[in-house]
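See below for the structure under consideration.
The chains referred to below are lettered A, B, ... by the order of the sequence lines, with proteins before strands, and numbering in each begins at 1.
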There are 2 protein chains.
Amino acid sequence: MTDQGTRRPTRQRAALADELAGAAEFRSAQDIHASLTASGTRVGLATVYRNLQAMATDGEVDVIRTGDGESVYRACATAQHHHHVVCRVCGHTVEVTGDAVERWADAVAAEHGFSEVRHTLEIDGLCADCAAR
Amino acid sequence: MTDQGTRRPTRQRAALADELAGAAEFRSAQDIHASLTASGTRVGLATVYRNLQAMATDGEVDVIRTGDGESVYRACATAQHHHHVVCRVCGHTVEVTGDAVERWADAVAAEHGFSEVRHTLEIDGLCADCAAR
DNA sequence: TCAATAATGAGAACCGTTGTCAAACGGAGG
DNA sequence: CCTCCGTTTGACAACGGTTCTCATTATTGA
Ligand SMILES: [Zn+2]
Ligand SMILES: [Zn+2]
Ligand SMILES: [Zn+2]
Ligand SMILES: [Zn+2]
């Protein structure tokens, strides 16, 4: 279950984990790096990138690609497969699951002869607060 | 009805449309540019990029972002909303639709107070041919 | 045909990300 | 506690896809 191998705990990694734990939205590596720097925590940008992708492959954080091609990261509540509904304005994010969708994706792919099926699904809209504004 | 505004017809745009019409898989701008160049059709790379995104906003082609962050384009059979099942090995692509998924996405977002909901969904796997190989 | 305007192309610029490599660090053994 | 060695870090260069610039060329409508 998410074996993180021989990775050593470092001050930088801890700071990064903290930063992620306190954020409800998806954030870019550069954004996170800027926050750490602003709060006085000196961490190299390359280190932020490296650790984020290590955490991503270990399933500790979720990654999604924004429309303009940058990767954004988030420490989700659950490690299990799920999807996100993200507010286009403020970034507010909620995690959702649905067996129906999972089955549909597998079924429709199988109907066309595909195997080892995977999928990506992201939902976005205007959250209640932003719509009210 | 996808108004393409005041766009003027050009030799380059026509060549690009031809190239896309003859392809069943999603292809990158650079790939398309290389093909055009190889076949003796001189077109600037910037022009390929510009026209592809113009065609994309006009709904003439579909765009998806690959895992390594490049945009790939395809002239799909239908202009209506649909999704794709793409073979991870050969790129073979089939278009699929499913009301159930569309409704689920809207419903789950609405449950959390979101409005003006949109979604992206891509499915990938191994096509029958590649699995048999 | 002629001016007005849109499209093109070559190359530079951009920007998120990854590679480089010497210095700093953490951990197991002594 | 000290040393040794593989891991991690960080400053900076390099990379790759995409976008910008702007002078030149093509299209349109009169
Ligand atoms: Zn919002
Ligand atoms: Zn799913
Ligand atoms: Zn295949
Ligand atoms: Zn859909």
Does [N] have OP1 or OP2 under 4.0 Å away from a side-chain N or O of [X]?
X      : N       : result
T10(A) : dG26(C) : no
R65(A) : dG17(D) : no
T47(B) : dA7(C)  : no
R42(B) : dT25(D) : no
Q53(A) : dT17(C) : no
Q12(A) : dG10(D) : yes

Starting from [atom2] on [N], measure out to [atom1] on [X] and report it in whole angstrom.
X      : N       : atom1 : atom2 : result
R11(B) : dA26(D) : CZ    : C1'   : 10 Å
H33(A) : dT18(C) : NE2   : P     : 15 Å
Y73(A) : dG16(C) : OH    : P     : 13 Å
D31(B) : dG17(D) : CG    : C1'   : 14 Å
R8(A)  : dC25(C) : CZ    : C1'   : 7 Å
L45(B) : dG17(D) : CG    : P     : 10 Å
D68(B) : dT18(C) : CG    : P     : 10 Å
L52(B) : dA7(C)  : CG    : P     : 15 Å

message = One thing to verify: whether D124(B) and R88(B) come together as a salt bridge, which I'm taking to mean a side-chain N less than 4.0 angstrom from a carboxylate O.
response =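 The answer is yes: the pair qualifies as a salt bridge.
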request  = Just do the side chain to side chain contact (heavy atoms under 4.5 Å, CB included) check on H119(B) and H81(B) with the steps written out, would you?
outcome  = CA-CA 11 Å; H119(B) 64 266; H81(B) 177 82; 3.1 Å; yes
Would you classify [X] as touching base, sugar-phosphate or nothing, given that sugar-phosphate means primed atoms plus P, OP1 and OP2, and contacts are heavy atoms under 4.0 Å?
X      : result
N51(B) : sugar-phosphate
S28(B) : nothing
R50(A) : base

Nearest to the side chain of [X] - [options]?
X      : options                  : result
Y49(A) : dT8(C), dT17(C), dT18(D) : dT17(C)
A46(A) : dT18(D), dT8(D), dA11(D) : dA11(D)
S71(A) : dG6(D), dA6(C), dT17(C)  : dT17(C)

Same cluster (ILVMFWY, side-chain, under 4.5 Å), L20(A) and V43(A) =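 Cluster IDs for L20(A) and V43(A) match.
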inquiry  = Could you walk me through whether R74(B) and E95(B) satisfy the salt bridge (Lys or Arg N to Asp or Glu O under 4.0 Å) test, starting with their C-alpha distance in whole Å, then the side-chain angles of each, then the deciding distance to 0.1 Å, before giving a yes or no?
reply    = CA-CA 11 Å; R74(B) 179 177 191 267; E95(B) 302 168 30; 2.8 Å; yes
ask   = If you measure only the distance, is there a donor-acceptor pair under 3.5 Å linking the side chains of R27(A) and S35(A)?
value =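 Their side chains do contain a donor-acceptor pair, which is all the 3.5 Å distance test asks for.
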